[in-house]
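Structure record follows, encoded as structure tokens.
Residue numbers begin at 1 in each chain, while the letters A, B, ... track the order of the sequences.
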Amino acid sequence: MTPQIPFRFEPTATSSELSAKYGHIEDGTETGVKVTIAGRLMLRRTQGKLAFGTLQDGEGRIQLFAPAKVTPDFEGFTSLSLGDWIGVTGEIMKTKRGELSVKVEEWTLLAETHRTFPDKFHGISDPETRYRQRYVDLWVTPEARAAFVMRSRMLSLMRRWLEERDFLEVETPVFHPIPGGALAKPFTTHHNALDTEFFLRIAPELYLKRLIVGGMERVFEIARVFRNEGISTRHNPEFTMLELYQAYADYGDIMSLVEQLIEHLAVELTGSATVFNDGRELDLSAPWRRATLTELITEFTGETLDLDSPLTELREACARHDVPVKDFYGPGKLLLELYEKTVEGNLWDPIFVIDYPKEVSPLARDHRSKPGYTERFEGIVAGRELCNAFSELYDPAEQRARFEEQAQNKAEGDEEAMAVDQDYLRALDYGLPPTGGLGVGIDRLIMLLADVQTIRDVVLFPTLKPEVFD
RNA sequence: GCCUCUGUAGCCAAGCGGUAAGGCAGUGGACUUUUAAUCCAAAGAUCGUGGGUUCGAAUCCCACCGGGGGCACCA
């Protein structure tokens, strides 16, 4: 028999609202206040002519109190499956044992479960099941739900904070004729009507800078991007970046923006600028330390090196610190490799690592006083890259030269190198004002704030091999 | 791509060479203040898939499939 399922239902309260409002009432008291709630029946304790249930909604749990002489169709109520959705109306009261409860004076089946829910106490232990069947995980793993709620709040806070500073949220294409704005392997796709190959974007950067050229002076995009690379605890093939561009600003302005934004988010989401990550304390309050890449190499390895250092010396330094290198690496790439393998993972407190070699920064503007370097920084927190930013390269001739160097690398087999983007160069020809730009890995940021150790716990449906059903 | 761990009923989980414990959920029964309710009864498993070794395999070996961790990759 198919039960009657209503087309709509109108709860008047949620579990958390009820415990906030009535949690303090005396044990064994009744309020005379009728409420209507809805959710899933997660537990049931039947004692002959009296039944207790635990109803879970999007915010928490509340007990149902169902005496046979009060609850209609008591038999039906006690034979509900764990996992069934029900709506309940009745008085809000507290049992003798002090459990806030809704007396079941009316109840309606809202959805039947045709599959049994996981163990009420142990939940799901198999990560594969959690990721594939997130619709179940969200009910049985409270921490999972909490991380996604925090993620949503973070994005909302971020939008508000940027809008208060006159940033305009925009949406730029996901289909790119030329993948650009980052060094990464793209996914490809095909548009039938245009009979054209497109790449799924690896970064929105070049479109956002076109908008600065177009006079949108402060823009940001919360962009899903796609990179055809390995999967790990820190990498999902599709992930989310915040990118923003601010006309008339340089990388120093962007640094203060980042440290203030991150501090703000930490305080709003966790109640403190000091958070815990993997059991270790992390102070995110501004200002953050700033140090150049070469200073940090010296600090961590004792090697004093620079772009002017002879190549052999740079190579020997890498060898001394067990950093593998390739023959074609120039001095900039050698310095970067040395930094990444010996410094980055050992940094814990937030720091802006500044002034990256031009050789490895094809879109950043030349440093105002240090030849061969660019005005670029990365924000490193808990040993991981949180953001990447720079004073933007505005000079079309210089940009063309950098693109061509990249294209050369690509021709030589570097799958991640950039291609020449003629339209972007045309846009620069029209004039890009001094601009500061920023990219932040949203997934990694929420991992940091929610204190989770794998990106799969902040991505609702992480990429997995498709399941085979037989 | 490489290394390593892992896959036992809807869920949790023992067994690790002698022919599949236990718990939750489900089924039947008892029970008007429980809290992972409790008690009684019956039931539920091609031990990821396919080969091999063995008198005998969930247990050992090989391959494959899925997943976790690490490396590589990814600024």
Side-chain angles (χ1 to χ4, degrees), chain A residues 27-28 41-54 61-71 74 78-83 93-101 103 113-133 136-137 139-141 182-186 202-203 225 227-237 239 293 324 332-333 335-337 339-341 344 353 356-357 359-364 376-380 384-390 414-416 439 441 444 453-456 462 464-470:
Chain A
D27 294 359
L41 184 68
M42 298 304 279
L43 296 170
R44 187 184 43 230
R45 301 171 285 284
T46 306
Q47 301 216 338
K49 300 291 178 213
L50 176 65
F52 298 88
T54 300
R61 291 180 163 197
I62 190 159
Q63 178 164 272
L64 303 176
F65 178 81
K69 63 183 177 194
V70 171
T71 300
F74 183 76
T78 56
S79 59
L80 284 168
S81 297
L82 299 188
M93 39 93 57
K94 199 174 252 187
T95 60
K96 288 180 195 164
R97 296 291 183 89
E99 187 74 24
L100 188 68
S101 308
K103 196 188 285 182
T113 323
H114 296 108
R115 292 175 187 258
T116 50
F117 254 62
D119 189 286
K120 62 188 175 190
F121 185 63
H122 297 96
I124 306 174
S125 69
D126 178 12
E128 181 178 356
T129 309
R130 292 192 47 223
Y131 302 142
R132 287 197 197 277
Q133 299 185 46
V136 179
D137 183 44
W139 288 103
V140 302
T141 313
L183 301 171
K185 277 175 241 165
I202 54 175
V225 299
R227 297 188 183 178
N228 206 340
E229 287 150 3
I231 293 177
S232 76
T233 49
R234 265 146 280 135
H235 302 262
N236 196 57
F239 63 101
L293 187 108
K333 180 69 173 166
L335 281 178
L336 183 67
E337 286 296 315
Y339 156 78
E340 284 183 351
K341 299 289 190 298
E344 191 171 284
V353 180
Y356 281 65
E359 181 188 336
V360 294
S361 313
L363 301 167
R376 169 183 170 192
F377 73 85
E378 286 191 359
I380 307 296
R384 296 182 197 152
E385 179 196 339
L386 183 73
C387 65
N388 183 20
F390 27 90
D414 183 351
E415 286 182 271
E416 279 125 31
R444 290 179 186 179
Q453 309 312 319
T454 166
I455 196 168
R456 295 183 195 88
L464 296 175
K465 271 218 173 193
E467 199 171 353
V468 177
F469 291 90
D470 36 30

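Look at the C1' atom in both B/C5 and B/G44: the space between them is 30 Å, to the nearest Å. B/A20 and B/U59 have their C1' atoms separated by 11 Å, with the value rounded to a whole Å. Comparing B/A63 with B/C2, their P atoms are spaced 12 Å from each other, to the whole Å. Only the P atoms considered, B/A14 is 15 Å distant from B/C60, to the nearest whole Å. With C1' as the reference atom, B/A13 and B/A75 are 44 Å apart, rounded to whole Å. When the P atom is compared between B/A72 and B/C16, the two are found 38 Å apart, to the nearest whole Å. Annotation: B/U6 and B/A42 have their P atoms spaced 36 Å apart (nearest Å). Annotation: B/A45 and B/U53 have their C1' atoms spaced 25 Å apart (nearest Å).
In the set B/U35, B/C73, B/C12, B/C73 carries the atom at the smallest distance from any side-chain atom of A/E416. Of the candidate nucleotides B/A37, B/A75, B/U33, B/A75 has the atom lying nearest to any side-chain atom of A/E385. Here the nucleotide nearest the side chain of A/D119, chosen from B/U32, B/G23, B/G66, is B/G23. Side-chain proximity of A/L82 to B/U33, B/G66, B/G26: nearest is B/G26. Each of B/C12, B/U35, B/U32 was ranked by its minimum atom distance to the side chain of A/K49; first place goes to B/U32. Of the candidates B/G67, B/G69, B/U35, B/G67 carries the atom nearest the A/K465 side chain, counting heavy atoms from C-beta on. Of the listed nucleotides (B/A36, B/U33, B/A75), B/U33 has the atom at the smallest distance from the side chain of A/K96. Residue A/E378 places its side chain closer to B/A75 than to any other of B/A75, B/U35, B/U33. The side chain of A/L464 sits closest to B/G68 out of B/U33, B/C12, B/G68.
In this structure, the ring of A/F377 has its center no less than 6.0 angstrom from the ring center of A/F390.
Between B/G69 and A/T233, no contact under 4.0 Å exists linking OP1 or OP2 to a side-chain N or O. The side chain of A/K120 places no N or O atom within less than 4.0 Å of a non-bridging phosphate oxygen (OP1 or OP2) of B/C24. One finds a side-chain N or O of A/S125 lying less than 4.0 angstrom from the OP1 or OP2 phosphate oxygen of B/A13. When the side-chain nitrogen and oxygen atoms of A/R456 are compared with OP1 and OP2 of B/G68, one or more of them lie within a distance under 4.0 Å. Side-chain N/O atoms of A/R130 include none lying less than 4.0 angstrom from OP1 or OP2 on B/C12. Look at A/R132 and you'll find a side-chain N or O under 4.0 angstrom from OP1 or OP2 of B/G67.
Taking atom CG of residue A/N228 and atom C1' of nucleotide B/C73, one finds them 12 Å apart after rounding to whole Å. Rounding to whole angstrom units, CD1 of residue A/I231 and P of B/G70 are separated by 14 Å. At whole-Å resolution of the value, CG in A/L183 and P in B/C73 are 14 Å apart. At whole-Å resolution of the value, CG in A/L64 and C1' in B/A37 are 16 Å apart.
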Going through the distances and angles, do A/E99 and A/K94 end up as a side-chain contact (heavy atoms from CB on, under 4.5 Å)?
-> CA-CA 5 Å; A/E99 187 74 24; A/K94 199 174 252 187; 5.7 Å; no
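Backbone-only contact: A/I124 has heavy atoms under 4.0 Å from sugar-phosphate atoms and none from a base. Counting any heavy atom pair closer than 4.0 Å across all strands shown, A/F65 reaches a base atom. Using a 4.0 Å heavy-atom cutoff across all strands shown, A/G123 reaches sugar-phosphate atoms only and no base atom. As judged by a 4.0 angstrom heavy-atom cut-off over every strand, A/Q47 is placed among the base-contacting residues. Counting non-hydrogen atoms under 4.0 angstrom, A/R44 reaches the backbone sugars and phosphates but no base. Among the heavy atoms of the strands lying under 4.0 Å from A/D126 are primed sugar atoms or P, OP1, OP2 only; no base atom is included.
With A/R444 contributing its side chain and A/R234 its backbone, the two residues share a donor-acceptor pair below 3.5 Å. Distance alone, capped at 3.5 Å, is enough to place a donor-acceptor pair between the A/R376 side chain and the A/V360 backbone. Side-chain N or O atoms of A/N236 include none that pairs as donor or acceptor with a backbone N or O of A/F239 at under 3.5 Å. At least one donor-acceptor pair closer than 3.5 Å links the side chain of A/E359 to the backbone N or O of A/G332. Under a 3.5 Å cut-off, the side chain of A/T113 and the backbone N or O of A/G83 do form a donor-acceptor pair.
Between A/P127 and A/R227, it is A/P127 whose nearest contact on RNA chain B lies nearer the 5' terminus. For the pair A/S81 and A/M93, nearest-nucleotide mapping onto RNA chain B gives the more 5' position to A/S81.
Taking CD from A/E378 and CG from A/N388, the interatomic distance works out to 4.5 Å, rounded to the nearest 0.5 Å.
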